Amino acid sequence: MIKKRFNQVLLLLVFIFIIVLTGTVSAVTYNCTDCTNCTNTIGNASAGDIVRLNESIADASATCIQFDGKDDITFDCLGNTIGGDVAFHMDYGIRLLNTNGGSNANNITNCNVTGFFYGIQLYSSDNNIITNSTFSGNSYGIHLNMGTDNSIFANITSNNNALNGLYLIQSKNNSFTNITIKENIQYDLYLSGIDVCQNNFSNIQGSGDRDIEFYNYTTTIEHKTVSQLVLCEADGSTINNVTIVGSDTLGNNALYSYKTDNLIISNINSSDNYDGIRLSDGDNNTLINITLNNNAYIGLYLERTHNNSITNLTANDNTQQGIYVYSSINNTFINGTANRNKDGIKFDFDSQNNTVSNFYLEGNSVYGIYFLDSGENKPEYNLLYNNVFNNTDNYHNSTVLTNYFNTTETVGTNIIGGPTIGGNYWTNSSGTGFSDTCTETNGDGICDSTYSLDGLNYDYLPLTNPVCVESWTYSAWSTCTTSTQTRTATDANSCGTTTDRLALSQTCTVEPGGGGGVTSGQPTESHSWTEIIPDEPAEMIITDPEIDLTTITITTTEIVLDASLTVTAIDVLPQADIEIGLVSGSSYQSFKIETTGITDENIEEAVIEFKVEKSWVEGEEGIAEDISLYRKQDKGNQWDVLSTTFVSEDENYYYFSATSPGFSIFVVVIDLSVCNNNDVCETENGEDESNCPNDCVSEKKGFFEMIKSYLWTGIIFVLVIAIGLVIMVLRGKESKRLKQMMEYKRKK
């Protein structure tokens with residue numbers, strides 16, 4: 001019992017001792033009035049002490065308040081201002097340094113800091129609390145650099161700073177609540193470095209009194225307008241139909257993605273800001289339908305980011321580059337414009353194997369495309385093709401760097417509407433660029449010569465406006481009136497030129513003629529080809545109703561360029577009758593086939609298909625098999641009959657096909673001089689020795705040939721008689737022998 005009382009008394013004495021001791025070491029409050037006084041007071045204070053600024057400080061020319069490794073100090077400005085000289089040299093309004101392990105667990109409150117390079121900086125200092133303060137009119141309002149774990153910023157304003165309102169470098173696990181950071185010249189919120197995504201933000205208001213949204217986790221964001229959007233390690237997020245609007249007057253902020261992969265960003269408008277979109281240190285992102293115009297710095301900024309796909313991008317009227325690619329590899333840009341910037345696209349520092357196609361790069365004030373050599377890490381091996389360059393200086397290569405300016409030549413509509421995809425279109429505002437003035441001869445829309453950009457880099461397939469190849473078709477000739485016939489012509493390619501167009505009027509006379517309705521007006525039809533490939537038949541279909549040819553098909557032995565055929569119905573029928581040796585009226589229609597670019601030597605085969613009126617054949621008392629096509633040889637009056645095949649018939653016409661070795665004058669005839677093969681030369685039917693040699697033996701046969709013919713006939717007759725007699729004798733002898741045998745058997 002006594003021992004228990006003793007212990008209770010001892011505990012009471014210890015408690016009283018602690019109370020007395022605590023009372024003797026309570027916090028001390030100090031007052032200060034200027035930068036030096038306050039810094040020294042903080043330096044001499046002990047943990048738990050309070051230092052108060054009793055009056056405002058103006059025009060400080062160097063760092064003002066320093067916590068040089070001090071811990072657990074409360075600095076209360078009591079609402080007073082700490083003002084610098086606005087010279088913006090490297091100074092600090094309030095600075096917490098990393099001396100002796102950092103300035104930790106301090107409490108700074110009720111301060112207004114302005115006119116310094118850094119309003120407040122925490123450098124490798126942790127667990128500090130900054131509340132109820134304003135850091136405006138500096139270069140950087142709040143600057144956290146390294147460490148700063150678990151620092152708390154609450155009820156803070158950081159506005160109208162010349163660079164950034166809040167800038168975090170390698171700082172993590174900080175809490176920002178009820179923060180206003182707006183109308184800062186570049187970014188209201190900017191961050192970079194290791195672990196910087198591991199911070200917490202809530203209720204952050206940015207420029208234009210619009211929200212700043214910060215995500216460090218996978219999210220979906222749609223149908224929003226924000227002052228600034230920051231994605232930090234937000235892999236796999238989807239951003240759609242979002243508008244970024246920073247300050248209404250300054251042009252600040254951006255959509256800023258940092259260390260984020262596999263984003264899908266679509267239908268974004270980030271214009272009139274500082275940057276449009278900035279992608280840093282994240283890969284495999286997809287951007288579709290992006291508008292980034294009139295930004296104060298860069299439209300699309302790629303920084304150490306790889307394997308991104310950017311499609312349908314508009315990046316115009318930005319102060320620096322439409323697209324800036326820094327140390328970024330294997331990115332693809334398809335379909336877009338980068339016009340009226342300082343540079344359309346700039347590749348810098350080890351940016352390699354990027355591809356740009358289907359872009360318009362026009363009206364940029366310095367360069368259309370700019371490759372900047374930053375030393376050992378060079379922007380090389382990038383591919384640009386099917387783009388339009390229209391700038392005062394389309395291309396600049398700061399040193400000798402290798403890049404590529406055309407892809408493999410491919411059939412397809414290119415960026416200027418030509419038929420071939422290859423290189424780029426190089427022009428200028430006066431229309432005197434390489435692509436405007438180069439020679440192009442075959443209609444493929446590729447310049448005939450290579451474009452040298454700097455003696456090392458070449459566009460081997462520069463684009464140009466293709467030569468238009470006229471392709472004329474003609475209507476039938478009109479009725480011959482007042483000695484004139486007319487027709488209309490249509491160019492299938494709408495070239496707007498008439499270089500290859502045939503005559504649209506001609507003189508004529510009305511005369512009675514042979515079959516087929518041929519008139520002296522000479523109906524004509526033409527067709528042209530840009531190229532004919534061997535073993536790929538080229539076909540001309542004849543539509544003129546006065547020409548009874550239907551189709552001409554040509555197969556060549558070699559490539560033929562710029563070829564054409566012209567078919568004209570001509571009136572050579574009487575002369576043809578005489579030369580061919582046919583009776584009058586057996587010719588149906590004659591025509592001439594003229595060529596350009598094609599010769600008999602490079603024709604492998606020409607097939608001519610034609611038709612003949614049934615009524616005409618019947619009037620000539622013939623049948624379809626009597627029809628033949630004759631060709632006149634180029635020299636002399638010799639006509640050659642062509643292999644002619646009956647193909648088909650309809651109600652009004654027989655249809656035929658004939659093969660010809662070349663082209664000249666042709667005539668369709670009904671050949672009634674059919675050889676009867678009866679050894680009778682029927683001259684009244686048109687048979688003669690030239691076309692019926694079996695019937696019409698030459699009358700110049702000699703006497704000995706006739707004797708020889710008769711002699712052989714006699715010899716054959718005598719042999720037949722002799723053979724018959726031998727057979728009869730042999731049969732008689734055999735009959736006698738049989739009778740003798742029968743008689744012998746009977747007697748026996």
Side-chain angles (χ1 to χ4, degrees), residues 25-87 91-97 99 102-123 125-144 148 150-161 165-166 174-183 203 205:
V25 295
S26 62
V28 179
T29 298
Y30 300 96
N31 296 318
C32 63
T33 58
D34 59 40
C35 296
T36 302
N37 180 218
C38 290
T39 297
N40 290 336
T41 300
I42 292 170
N44 294 323
S46 300
D49 288 350
I50 300 171
V51 178
R52 299 188 305 183
L53 178 64
N54 281 339
E55 59 184 72
S56 294
I57 300 171
D59 299 323
S61 59
T63 297
C64 188
I65 310 299
Q66 293 200 65
F67 286 71
D68 193 7
K70 295 298 293 187
D71 300 332
D72 194 21
I73 303 295
T74 296
F75 180 66
D76 188 347
C77 293
L78 302 177
N80 290 303
T81 298
I82 301 172
D85 58 5
V86 200
D91 56 7
Y92 306 82
I94 300 173
R95 191 181 194 196
L96 282 69
L97 281 173
T99 306
S103 303
N104 306 313
N106 297 290
N107 187 350
I108 298 170
T109 188
N110 302 317
C111 297
N112 299 309
V113 182
T114 184
F116 294 90
F117 192 80
Y118 295 99
I120 184 171
Q121 184 192 57
L122 282 69
Y123 183 68
S125 298
D126 305 334
N127 301 308
N128 297 284
I129 300 173
I130 294 88
T131 60
N132 303 321
S133 297
T134 298
F135 304 93
S136 299
N138 307 283
S139 290
Y140 293 92
I142 303 170
H143 190 264
L144 276 68
T148 65
N150 302 307
S151 291
I152 297 173
F153 293 77
N155 302 317
I156 297 295
T157 298
S158 183
N159 301 340
N160 305 111
N161 296 288
L166 172 58
N174 300 286
S175 175
F176 300 89
T177 305
N178 299 328
I179 305 295
T180 298
I181 43 176
K182 67 180 183 180
E183 309 307 321
N203 194 21
Q205 187 179 74

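Position 1 is the first residue of the sequence; numbering continues from there. A quick note: this is a predicted structure, and the numbers were derived from the prediction, not measured.
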Inset, instruction - Answer yes if the side chains of T109 and T131 hold a donor-acceptor pair under 3.5 Å, and no otherwise. - result: yes
Inset, instruction - Kindly indicate whether the side chain of F135, heavy atoms from C-beta on, has any atom under 4.5 Å from the side chain of N161. - result: no
Legend entry - Spatial distance of atom CG (L166) from atom CD1 (I156) [nearest 0.5 Å]: 10.0 Å
Legend entry - S133 side-chain N/O to N110 backbone N/O, donor-acceptor pair under 3.5 Å: yes
Legend entry - Contact check, side chains of F116 and I94, non-hydrogen atoms, under 4.5 Å: no
Legend entry - Which atom of I65 lies closest to which atom of I82, heavy atoms considered: CG1-CD1, 3.7 Å
Inset, instruction - Quick one: closest heavy-atom pair of G69 and S103, and the distance? - result: N-OG, 2.9 Å
Inset, instruction - Check whether any side-chain heavy atom of C35 sits under 4.5 Å from a side-chain heavy atom of I57, and report yes or no. - result: yes
Inset, instruction - Report yes or no: does N159 contribute a side-chain atom to a donor-acceptor pair with the main-chain N or O of K182 at less than 3.5 Å? - result: yes
Inset, instruction - Could you check whether the rings of Y118 and Y140 sit parallel, tilted or perpendicular, using 30° and 60° as the cut-offs? - result: parallel
Legend entry - Separation between CG of N128 and CG of L96, rounded to the nearest 0.5 Å: 5.0 Å
Legend entry - Under 3.5 Å donor-acceptor, N138 side chain and G115 backbone: yes
Legend entry - Any L122 side-chain heavy atom under 4.5 Å of F153 side chain: yes
Legend entry - Reference residue I42; test side-chain contact (heavy atoms from CB on, under 4.5 Å); the match among N106, N37, V51, D68: V51
Inset, instruction - Taking N40 for its side chain and C38 for its backbone only, find out whether a donor-acceptor pair lies under 3.5 Å. - result: no
Legend entry - Sub-4.5 Å side-chain heavy-atom contact between T114 and T81: yes
Inset, instruction - Could you tell me the separation between the SG atom of C111 and the CD1 atom of I130, rounded to the nearest 0.5 Å? - result: 10.0 Å
Legend entry - Minimum-distance pair of heavy atoms, taken over all atoms of I73 and F67: CB-CE2, 3.9 Å
Inset, instruction - Starting at CG of L97, measure out to CD of Q121 and round the result to the nearest 0.5 Å. - result: 7.5 Å
Legend entry - Under 3.5 Å donor-acceptor, N160 side chain and G137 backbone: no
Legend entry - Sidechain-backbone polar pair: D49 side chain, V28 backbone, donor-acceptor under 3.5 Å: yes
Inset, instruction - Locate the shortest heavy-atom distance separating G141 from S158; write the atom from each residue and the value. - result: CA-OG, 3.3 Å
Legend entry - Close side-chain approach of I120 and V113, heavy atoms under 4.5 Å: no
Legend entry - Sidechain-backbone polar pair: T41 side chain, C32 backbone, donor-acceptor under 3.5 Å: no
Legend entry - Least distance between heavy atoms, C64 atom then G93 atom: CB-O, 3.4 Å
Legend entry - Inter-residue atom distance N155.CG - T177.OG1, 0.5 Å rounding: 8.5 Å
Legend entry - Any donor-acceptor pair under 3.5 Å from T180 side chain to T157 backbone: no
Legend entry - Taking every non-hydrogen atom, the tightest pair across R52 and T29: NE-CG2, 3.5 Å
Inset, instruction - Keeping the roles fixed (side chain from S125, backbone from G102), state whether a donor-acceptor pair exists under 3.5 Å. - result: no
Inset, instruction - Output the distance between atom CG (N54) and atom CG (D34), rounded to the nearest 0.5 Å. - result: 11.5 Å
